[in-house]
Every structure is written in structure tokens, then in C-alpha cells.
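Here's the structure we're looking at; comments come further down.
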Protein chains: 2
Amino acid sequence: MSENNIKTLLNSHNLKATWQRVEIFKVLQNSNECLSADQIYQKLSSNNINIDLATVYRVLDLFAEKGIAQKSIINRKCFFELKKIDHCHYFVCIKCHQKSNIVDCKINLIEEELSKKNFKVLSHNLEVYGICNKCYGGDKR
Amino acid sequence: MSENNIKTLLNSHNLKATWQRVEIFKVLQNSNECLSADQIYQKLSSNNINIDLATVYRVLDLFAEKGIAQKSIINRKCFFELKKIDHCHYFVCIKCHQKSNIVDCKINLIEEELSKKNFKVLSHNLEVYGICNKCYGGDKR
DNA sequence: GTTCCTGCAAAGAGTTTGCACGAAA
DNA sequence: TTTCGTGCAAACTCTTTGCAGGAAC
């Protein structure tokens, strides 16, 4: 997405298109994994783009609120990525800390159960921890 | 469970049966909901039982590790309860903050998906946020 | 010209850790 | 009598907040 398109997107969500927001959006756009506020801050810094960490936090929360980004919480820490058509969750290896997508979290089944009680689901978070195939050694290499 | 039974239980997990651990176990045993470390600390204090908060944290983590307690993370905060036959998760109302059990989290279906990749699931956490029937006003009272 | 946003600095919540003393087995 | 657990204090991580100056619309 080009810089102008990003600005248009931000405006369409009633957000002012500051250069800080554009830069943070670009980082998310160029990443193929979810990132913590600090990771984003580091990536920007290493490109000599200095945005206060507090601003990074504020922008990310805003993105999540507006539905531009998806927020995941892993080990009591927040991670962000651009929202795709389908949201996803992560399987995290407790040895190598690599994350792997969980495509279908079955939340619709849980929503069904809750709707019987007239509970309206707005958001959810799922973390699954375990050992990946590489660390398990189950690949018999 | 009597005090002696609690001590036996602790010993059977290779844990020394200190009075602090017994008291923390009792609090968990007498609660019908999951509790944060601080809530447990407060309950003890109000009974003139003074256990350092750091100890409460250490004991709870130990209980979770040994499978005596279940640890849930809600809003980046840890909650503990004695482990039942079936574990459970919580639906948390974002208005009144009441927690309601989610009996079946469908984790077995997710485990199935992951086992195809040779990933071994060890633990997981699920939080669902939304509006409960009372706060939603959908009960037409 | 407002309104909204940012940087700075400071504080906040929740949790963890090192160490010396003290209690359980 | 050795091993393990606790209290105390301090530190730590991640995140949030108040405020005054500055940029977007």
C-alpha cells in the first residue's frame, strides 16, 4: 500500500495522517509476523526513525480499536499485526519461542454456547503453548 | 479437604507442607471463583494471616506447575483456582467485569490441527470478552 | 484557528529476584 | 543437618498517563 493510500485509509477512520502513524503502519505492512510495541520501536530506530515508545503504544492501540490491526496477547505481552480477512492466533513453542499460526480457533462454536446465555462476544484471545516439531525431535532427522 | 489431607497432598508432589502453602490452598479451596495473587493476599490479611506477596506468587506458580492449580490469564493478569477434572476458561463482561465459565474450549480440535504439524500442545489460555445478559439489557426486564 | 497528536518524563500495575534467615524432612 | 522455603527489599517488564508544545485539517 502506497504512502498516499495509507493516509487515505487513516483519514477514512477519522484519524489524522501523521507521519508517525504512516511509519508504524509501514512497519506492520512489511512484517510477516506479529510484532510487539518494542519490536516496532526498534525497527524504526534502526532506520533512524525516532518515534517515542509511548506514541507507538498509543498508535497501536488506536489501530486495534479501529480494526486496522489485530492485537494478540502472548505471555502477558501485546503483539500487533495488520488485520487480515480471518483473524488468527498463535501456537508458541516454549523452547524456541517461534510462533505458528492457528487458523481456526473455533470461536464461533464458543460464541454459540455463550449466545444461549445471551452473552454477546466482542473480542477474544487465545494462546497455545507447547513444543514445535523441530524442538521435539519427533522429525527423526 | 482437611489440613492433614492438604499436607499429604503437598508432600505427594514433593513439596514441603509449610503453613503458608496450607493456608493458600485453603483460600483456593474455599473460593468458588478464580482469584488473583493479590486477592488471595488480601483474603489472608483480613484473617490476620500475613504471608508475603512474593511468597503467594511463588506458591501459586508452584501449584500451577504441579497441576494442583489452574492458572488463567485475564487482561494480562493471572488468576488461580484449584484444578478440577475439566479445566475451564472465562467469558468476562467488559462492563461489570463478572466472569462466567466457558465449559468447552474446543482445544481438542485445535490440538488435532496442530498434531498434523507434529506440534505438541502443553498448555493454553483463552479469554473471551463481551457483554453479559444483564449489562446488555437484552433480557427485556 | 481548532482539534487532535506527540514527546517527554514520570508513574503505574503486576510480577520476579537475590539474599540471608528459618523451618520442614 | 541438609535441603528447601520465606520475608524483605529492590528491581524488573510492559504499559499508561499528564501536560505543554506542535502538527494536521
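Excluded from the calculations below are hydrogen atoms, water molecules and symmetry mates; all remaining heavy atoms, backbone and side chain alike, are included.
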### Query
Within the structure shown, what part of the strands sits under 4.0 Å from A/Asp38 by heavy-atom distance: base, sugar-phosphate, or nothing?
nothing
### Task
Go through the structure and list residues passing salt bridge (charged side-chain N to carboxylate O under 4.0 Å, His left out) with B/Asp61, not counting sequence neighbours.
B/Lys71
### Task
Rounded off to whole Å, could you give me the CD-to-P distance for the B/Glu3 and C/dA24 pair?
12 Å
### Salt bridge B/Glu3-B/Lys26, side-chain N to carboxylate O under 4.0 Å
yes
### Query
Could you state the CD-P distance from A/Glu23 to C/dC5, rounded to the nearest angstrom?
18 Å
### Integer-rounded Å distance: D/dT15 C1' and A/Leu35 CG
17 Å
### Query
Under the criterion side-chain contact (heavy atoms from CB on, under 4.5 Å), which of A/Leu62, A/Leu15, A/Val59 is the partner of A/Ile68?
A/Leu15
### Query
A/His124 and A/His87: side-chain donor and acceptor closer than 3.5 Å?
yes
### Query
Taking for each residue the nucleotide of DNA chain C with the nearest heavy atom, is it B/Lys7 or B/Tyr57 whose nucleotide lies nearer the 5' end?
B/Tyr57
### Task
Answer with yes or no whether the side chains of A/Ser72 and A/Gln70 bring together a donor and an acceptor at under 3.5 Å.
yes
### Query
To the nearest angstrom, how far is B/Ile73 atom CD1 from D/dT13 atom P?
18 Å
Dump the pairs, protein N or O against N or O of nucleotides 5-8 of chain D, anything under 3.5 Å, distances to one decimal.
unit_1: D/dG5; atom_1: OP1; unit_2: B/Arg21; atom_2: NH1; d: 2.8
unit_1: D/dG5; atom_1: OP1; unit_2: B/Arg21; atom_2: NH2; d: 2.9
unit_1: D/dG5; atom_1: O5'; unit_2: B/Arg21; atom_2: NH2; d: 3.3
unit_1: D/dT6; atom_1: OP1; unit_2: B/Thr18; atom_2: OG1; d: 2.8
unit_1: D/dT6; atom_1: O3'; unit_2: B/Gln20; atom_2: NE2; d: 2.8
unit_1: D/dG7; atom_1: OP1; unit_2: B/Gln20; atom_2: NE2; d: 3.4
unit_1: D/dG7; atom_1: OP2; unit_2: B/Asp52; atom_2: N; d: 3.2
unit_1: D/dG7; atom_1: OP2; unit_2: B/Thr55; atom_2: OG1; d: 2.5
unit_1: D/dG7; atom_1: N7; unit_2: B/Arg58; atom_2: NH2; d: 3.0
unit_1: D/dG7; atom_1: O6; unit_2: B/Arg58; atom_2: NH2; d: 3.1

### Query
What is the distance, rounded to the nearest whole Å, between atom CD of A/Glu65 and atom P of C/dC4?
14 Å
### Task
Mind checking B/Asn75 for me? I need base, sugar-phosphate or nothing, with any heavy atom below 4.0 Å counting as a touch.
nothing
#### Entry: Under 3.5 Å side-chain donor-acceptor pair for B/Gln39 and B/Tyr41
no
### Task
May I have the distance from B/His13 (atom NE2) to C/dA24 (atom C1'), rounded to whole angstrom?
18 Å
### Query
B/Lys71 NZ to C/dG14 P: how many Å, rounded?
14 Å
#### Entry: B/Leu60 CG - C/dT15 C1' separation (whole Å)
12 Å
### Interatomic distance, B/Asn101 atom CG to B/Phe91 atom CZ [nearest 0.5 angstrom]
12.5 Å
